[in-house]
Structures are given as structure tokens and as C-alpha cells.
Asks: 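Before I ask anything, here is the structure I am working with.
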Protein chains: 2
Amino acid sequence: MKPIALHERIRAEIEAAILGGQLRPGDRIPKETELMAEYGCARMTVNKALSALAGNGMLERRKRAGSFVAQPRTQSMVLDVPDLAAAIAARGQSYRWDLTSRKISAPARAEAEALGVRAKVLSVTGVHFSEGLPLAFEERMINLALVPDIAEADLSQTPPGSWLIAHVPWTEAENRISATAAPVAVARALGIARGAPCLMLERRTWRGTDTVTRVRQHFVADRYELVARFGPGGN
Amino acid sequence: MKPIALHERIRAEIEAAILGGQLRPGDRIPKETELMAEYGCARMTVNKALSALAGNGMLERRKRAGSFVAQPRTQSMVLDVPDLAAAIAARGQSYRWDLTSRKISAPARAEAEALGVRAKVLSVTGVHFSEGLPLAFEERMINLALVPDIAEADLSQTPPGSWLIAHVPWTEAENRISATAAPVAVARALGIARGAPCLMLERRTWRGTDTVTRVRQHFVADRYELVARFGPGGN
DNA sequence: CGCTTCATAATGTCTATACATATTCAGGCG
DNA sequence: CGCCTGAATATGTATAGACATTATGAAGCG
């Protein structure tokens, strides 16, 4: 069938022992030479397995001391923050984007400070629809110095997030997730009551030290949730 | 200073080229033999660098075809879901936990189904305080078959999450993050208005196929946010 | 022209070896 | 007793070579 690589098998077995509780945090795992004998392979093979686990934060390795099961102090979860258009399409639902405003301007001094941008910015607002229902209200600023092309893009057809992901890929990013009461403008755009709960996602992405874009999305509470996973099945 | 490992340097340089936009998704990166010549090192060294990037989802490697910059389809962010007590303490704020109810029972048939648990469960509710203010209301179920010791733990002193992380480490987990209007019970416990927005975090953790615990935490909207990062600076 | 077959080029895995580096542990010395 | 020194040890990095695997693209065949 599928001959699994040996280093992967070793990795998986040790991971299983950790997740299964046979190995507990602080426990020492056999040294490389011992595992090497146990599996009858070279040290590099064992090393690859252990390095991978150490990379995941599951092992802590100290020279001369050995390899130890790490403390799961802060569960690092993998959160998928997909492009909305793609995510909704992937769920087999219909998607629509409504551009409600678009303007180019120099950011106000305070904003420029917060954005870390002195250049001109494109400001966009709009609404994401799923199955014909408003799902999220989006306010976005885009640094035109870094992404001049977007000034010519037709953002009434393509939501800016989708355009950016296709044209300015692999930026660094930070997301802040919180809950808020819908402000008037948001409530009106989403057709919900003022003050109704919203999941708010604020994202800032950069290239090097320059901010590329800054988004704030208000999701209608009942219609969206984020999922984060941790674990070997974490795929 | 600290001589950085060569494979790490190679990895970092390619990553920088991807994040800096010199290499775009779909672009092909030099084959191992070429990089090997460029850096004057062995193939295994290059391979280690590229394998690491492939593990991060930043490269896609195909035999015979070469290595390509991956599409950042779904931005996989690392979300730290820390233990609340530890997280608040780390921010230098005071923390308090109020146990409001605790009971052991067999879950109702419907619940048992949803939990994937037939055994007895310990049900706990309580409130997390930060700086004297209610921060989160927690409802939790714990599988006593997997964690019998917790029946004897003093959960009025230690919040169950902290107890579990110390006693049942390294489980698999799934988090669902959403926003809701505070139900009556939650609003009362948190001292907020009924229907006020809350950030809701539902977590389920398992060991193998068995559910260990299931939590629902309602956070007061203004007092908490989750942060997820992606990027090399993502530390 | 379309299909199959096959050599080839790339990555994937593994080995055996070597030396580097950091940490511990045991002595030795003041 | 405390501090320094040095040896032992486990991991960290790197090498050169070997063979496996697999998609590709071209050659050959019907």
C-alpha cells in the first residue's frame, strides 16, 4: 500500500504516546542512540523525527540533557482564516459581494499613525452575502503605495480581499477577534438591529515593515463562526 | 555572535523572498542541485531548508517537477488559546475564579450523543474575574471515566481548565469561536444586560476517540479579544 | 491523431560518518 | 564551601553517497 517513511512513523508513534498520555510533560524520551537501536536505523532518521516534534513545540530538546515532553502551556491552535468568497463557495453556498463605497484619500494624521502609512490609501466598504443573506460588513483600507494596481481593479465585481490574495500573496498578518454590538452603520448594512451582537475580525497585513491593508469585518452573529484545531488529525 | 545554521539561513532567505514578493505563488524555486551549488553545500542541507518550508505550507514540492511557492489559499494563523488564569496573570492583572455550581451526573441521552460520552460527567459552571470584574462565564463538562481524579479536586480554588491542563496534558482539541447575545443566565452571572454581545468560545478536547472535556465560555465583549498571527515575525 | 510506454529528472528517504556545541557532572583548587 | 576547570554526553549541523519514488515529456505504436 503506502510504505510510510520511517522517520514519519517514529514521529507519529512518539506523538501518539504524548497525546495518549503514556508520555507526560517533563518526561524524558529515549535518547537518539537508543531510538536508533530500537528502530534499527541511522541517527539522522531519528533526528528528523524528533526535530519535527520539537518544531511543533511538542518536545523540548536540550544538549547533553536529552529530549523532554514539553509543557502545553499555551495551546497553539491553527486557525484557518480563509478568503470569504472562497470559503463560502467551498461550502457550496452562493456568494455575492456588494461594494457600497470606494474612495481614495490621504489618511488623516491620526489614521496615518495607526496604519503606519503615510501614502495614499484606498478606502472601501461593502457587504458579503451568503445565500442572499448579508453575512459580513467590511471596512478596508489599502496602501496604494504598495498596491497601486488595485486603483484600477473593479472592486464591485471582486471583493478586495479576493483581489488582494491573488495579487499580493504571502504577507504577514495579525488578526484580532472580538465581539461587539453592531454600530448603526453596520446594523443598517447588514439589516440587523442596532446593538445586535457581531463577531468582529480585524486584520492587518504587512510586507516587511509596511502595512498593506487593514480590514474590519463585522459578521452577523448567528451566521458565522471560526474554527481552530489542534492535534495530529489537525488537518 | 551566533552563527546561524546554514539550512536555517537558506530557509529564511527563501521565506523572505516569498514574503517580500520577489517570489510569487506558482513560481518555481531553484532545484535542490542549483541551490546546493549556490550555497556550496550538500543536498541534504538544502533539502532540510525546503522541507521545513514545505511543512509550513509555504512551498509545494512535486517530484520531477520541482518546488513551487504555494498558494496562500487559507491563511493558517496560529491562535494561542491559553489557560485563562495563566493568561491574565501574564498580563499582570489580578485573577479570580468563582465556582457557582458543581454536580456529577450521567448525561442525558441527547447530551451523551453530542458529547460522545456514555460515562458519568462532572458538570461545572463558574465565572472568571480579571481585576475584580467578571470576564467570562464558563460551563464545562468533564468525562469522569477519563479523569476520575478531578472528582476530588477543589474546583473552588483552581478553575477546572487550569486543573485539567496540569493533569491531562496534550489532548487534541477543537475550538469554535462565535458571537452571541448573552442568555439570561450568562448575563446575570457576568453582570451585564441580557442580550449584550458576548464572544463565545466552545472547546472540545479528546484523547484518542474519547471526549475529555467540553467547555463553553462567554466573554464580556469589551474585555477580551483573541489574537492570531501569521508570519516570520509571528512570535 | 490519440494512446501507451519508458527514460529521465526532480524530490524523498536513508545511511554512515564527522565534527561542533552546549550542558551537566565530577573533581580540583583556592 | 564556593568557584573554576575539564571531561563526558546528548543534541546540532553538515557531508557524500545511495537507492526509491513519481510526475513529466518524448518516443513509439496502433
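What you see is a predicted model, and the numbers here were worked out from it, not measured in a lab. First the proteins, then the strands, lettered A, B, ... as listed; each starts at 1.
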Asks: Please identify which of these residues, B/Tyr95, B/Trp97, B/Tyr224, meets the side chain to side chain donor-acceptor pair (under 3.5 Å) condition with B/His128.
Replies: B/Tyr95
Asks: Please lay out, stage by stage, how A/Leu84 and A/Leu135 fare under the test side chain to side chain contact (heavy atoms under 4.5 Å, CB included).
Replies: CA-CA 10 Å; A/Leu84 262 185; A/Leu135 177 66; 4.3 Å; yes
Asks: Under 4.0 Å between a side-chain nitrogen and a carboxylate oxygen: does that hold for B/Arg91 and B/Glu131?
Replies: no
Asks: Given atom CD1 of A/Ile4 and atom P of C/dT13, what is their separation to the nearest angstrom?
Replies: 11 Å
Asks: In terms of the nearest nucleotide of DNA chain D, which residue is placed more toward the 5' end: B/Glu8 or A/Arg64?
Replies: A/Arg64
Asks: Scan side-chain atoms only and decide if B/Glu13 and B/Tyr39 contain a donor-acceptor pair under the 3.5 Å cut-off.
Replies: yes
Asks: For A/Leu6, report the nucleic acid contact type (base, sugar-phosphate, nothing); a contact means any heavy atom under 4.0 Å.
Replies: sugar-phosphate
Asks: Please check the phosphate of C/dA10 (OP1 and OP2 only) for any side-chain N or O of B/Lys31 closer than 4.0 Å.
Replies: yes
Asks: Side-chain donor or acceptor of B/Arg43 under 3.5 Å from a matching atom on the base of C/dG12?
Replies: yes
Asks: Give a yes/no answer on whether the side chain of B/Arg62 brings an N or O atom under 4.0 Å of OP1 or OP2 in C/dA9.
Replies: no
Asks: Does the side chain of B/Ser67 come under 3.5 Å of the side chain of B/Arg61 through a donor N or O and an acceptor N or O?
Replies: yes
Asks: Look at the side chain of A/Met44 and decide which nucleotide, out of C/dT21, C/dA16, C/dC14, has an atom nearest to it.
Replies: C/dA16
Asks: Looking at C/dT8, C/dG12, C/dA10, which one has an atom nearest to any side-chain atom of B/Arg28?
Replies: C/dA10
Asks: Could you tell me from which nucleotide to which nucleotide of DNA chain D, 5' to 3', there is an atom under 4.0 Å from chain A heavy atoms?
Replies: D/dA8 to D/dA14
Asks: Applying the side chain to side chain contact (heavy atoms under 4.5 Å, CB included) criterion to A/Ile142, which one of A/Val121, A/Thr205, A/Leu122 satisfies it?
Replies: A/Leu122
Asks: Between A/Met36 (CE) and C/dC14 (C1'), how many Å, whole number?
Replies: 12 Å
Asks: Looking at A/Glu202 and A/Arg204, does any basic side-chain N land under 4.0 Å from a carboxylate oxygen?
Replies: no
Asks: Mapping A/Lys48 and B/Ala65 to their closest nucleotides on DNA chain C, which lands nearer the 5' end?
Replies: B/Ala65
Asks: Given atom CD of A/Glu32 and atom C1' of C/dT21, what is their separation to the nearest angstrom?
Replies: 14 Å
Asks: Expressed in angstrom and rounded to an integer, what is the separation of A/Lys63 atom NZ from C/dT23 atom C1'?
Replies: 9 Å
Asks: Grab the CD-C1' distance between B/Glu34 and C/dA9 for me, whole Å please.
Replies: 12 Å
Asks: State whether B/Ser67 places a side-chain N or O below 4.0 Å from either non-bridging phosphate oxygen (OP1 or OP2) of C/dA10.
Replies: no
